[in-house]
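This one's a predicted model, so the numbers in the text were calculated from it and none came from an experiment. So that the names make sense, note that chain A is the first sequence line, chain B the second, and so on, each numbered from 1.
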Protein chains: 2
Amino acid sequence: MKLASNLQEQVASHLRRRILSGQLLPDTPLREQTLAEEFGISRGPIRDALLHLTKEGLLVAKPNVGVKVAAEPSGLKRNVIVHLRREIEASAVTAWFGARDAGLLGRLDDNLALYREACGGSDLGQVVELDMAFHRLIVEAADQGSLVDLWLPIMLRMFLRYSRHRDLMESYREHAAIVRAMHAGREWEALEALKSHIV
Amino acid sequence: MKLASNLQEQVASHLRRRILSGQLLPDTPLREQTLAEEFGISRGPIRDALLHLTKEGLLVAKPNVGVKVAAEPSGLKRNVIVHLRREIEASAVTAWFGARDAGLLGRLDDNLALYREACGGSDLGQVVELDMAFHRLIVEAADQGSLVDLWLPIMLRMFLRYSRHRDLMESYREHAAIVRAMHAGREWEALEALKSHIV
DNA sequence: TGAATGTCATTTGTCAACAATCAATACCCA
DNA sequence: TGGGTATTGATTGTTGACAAATGACATTCA
């Protein structure tokens, strides 16, 4: 976990985590002044952070009124988001099979170990964090990470509705299956496992 | 053309237009102080605007250093972007065919007339503006416009490399073909025309 | 009554001054 | 001469005060 030197990033990370872990529910309003006092800083960096999160799709803003936590995407939108994520991550995996940099495999293995542990525990925030990190590793590995900024807002919108009732261990097994196929060099299998995992 | 009441949006629109029309080339640095003096306002709204554009992918920021105009997307990234745009806009068109709200057809017809004129002229900024507006109308029409915020950053990244040498009139004819198919109620034809137009 | 208008508190928008950081370069010393 | 280090100027990061906009509520007049 890297911590940024500037306040706006720290605030953004903190709020992002609280939203994704479900501590902040949709429609919850966030006031600049309140947050400023809560963090013990001025409104400036808070503004920046809220702007960040708004552009990431986690908040919605109305001029002169304020921001609130975004609602879960509608059926159509969610469906589109799933397709976009598949497209991006599949492209990344395909690109990886062109070079097969072993570094990625190591990082995925490390992540898997932590993820397995987290899925057994009760800290949903940690689970979300590691799940996202897994997919981020894959996207980062392709094309010098150029796809990350495209992928992140899409991923975040999807995680707005991180199912509170999903079978976490099943999710872990799906991650493991993807990595196993990559280790074995079976591209088609990896892509199929990836696509069926993104739902 | 709607003009926002708050400065940050005005600044963002202005800079966005200058970047998309090619007046500001990739890697051009943008300094907060300089822009503030240029617009005759303080650095606050400038900061907000730059943050906006950074999240939209038109600028890239380095902490404590500043922002510059983003480079054109790499081959792989551009390829992904094309697929994402097709996915989103095709979904929107499909959704439209489910309801066939006539209002959209009228707006598209109006846009087409203006676009034809602009393509004959020499104001590339105007052409870009209308081209984007055309696709935006389509995306906005579906699902109460919920797809717009997903679509916009993708669209903008693609327009970073708005071909300065493309055949504008051909582009107009492609737009017209899409609208014609929609008027006639031929869904498959509209989707094909749309997909082959996005390249 | 009820629609229109005025007011008031809350919240965001804007500003200018100050602090922290970075990158380039001049400097020192082996 | 070359490598490492302090200095300096430019630029972003942060702050607190003030201005403007909004929405809710009270008030007025037909």
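- In terms of the ring-ring contact (aromatic ring centres under 6.0 Å, His included) criterion, B:H52 has no residue partners (sequence neighbours excluded).
- Less than 4.0 Å separates DNA chain D from at least one heavy atom of each of the following residues of residues 44-53 of chain A: A:G44, A:P45.
- In this view, A:E189 and A:R186 satisfy the side-chain hydrogen bond (donor to acceptor under 3.5 Å, both in side chains) rule, not counting sequence neighbours.
- For the contact set between residues 31-38 of chain B and DNA chain D, defined by any heavy atom under 4.0 Å, the members are B:R31, B:E32.
- When rounded to the nearest whole Å, the span between CG of B:L7 and C1' of C:dT12 equals 13 Å.
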Between the protein and nucleotides 17-23 of chain C, which nitrogen or oxygen pairs come in under 3.5 angstrom?
from: C:dT21; atom 1: O3'; to: B:N64; atom 2: ND2; distance (Å): 3.3

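- Take A:H135 and apply the ring-ring contact (aromatic ring centres under 6.0 Å, His included) test, not counting sequence neighbours, and it matches A:H175, A:H197.
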For residues 107-115 of chain A, dump all side-chain donor-acceptor pairs below 3.5 Å to protein atoms at least two apart in sequence or in another chain.
from: A:D109; atom 1: OD1; to: A:H183; atom 2: NE2; distance (Å): 3.3
from: A:D109; atom 1: OD2; to: A:H183; atom 2: NE2; distance (Å): 3.0
from: A:N111; atom 1: ND2; to: A:L130; atom 2: O; distance (Å): 3.2
from: A:Y115; atom 1: OH; to: A:S171; atom 2: OG; distance (Å): 2.9

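- When the C1' atom of D:dT14 is taken as reference, atom CD of A:E9 falls 16 Å away, rounded to whole Å.
- Residue pairs satisfying the ring pair (Phe, Tyr, Trp, His ring centres under 6.0 Å) criterion with at least one member in residues 14-40 of chain A, sequence neighbours excluded, are listed as follows: A:H14-A:F39.
- The salt bridge (Lys or Arg N to Asp or Glu O under 4.0 Å) check on A:D143 picks up nothing, with sequence neighbours excluded.
- A:A70 is linked by a side-chain contact (heavy atoms from CB on, under 4.5 Å) to A:V60, A:L160, counting only residues two or more places apart in sequence or in another chain.
- Heavy-atom neighbours of A:Q144 CD from other residues, nucleotides or ligands within 6.0 Å: at or below the threshold of 12.
- Identified under the salt bridge (charged side-chain N to carboxylate O under 4.0 Å, His left out) test for residues 24-34 of chain B, with sequence neighbours left out: B:D27-B:K68, B:E32-B:R43, B:E32-B:R47.
- The CZ atom of B:F39 sits 13 Å away from the P atom of C:dC15 (whole-angstrom rounding).
- Remark: A:R173 engages A:E170 in a side-chain hydrogen bond (donor to acceptor under 3.5 Å, both in side chains) (not counting sequence neighbours).
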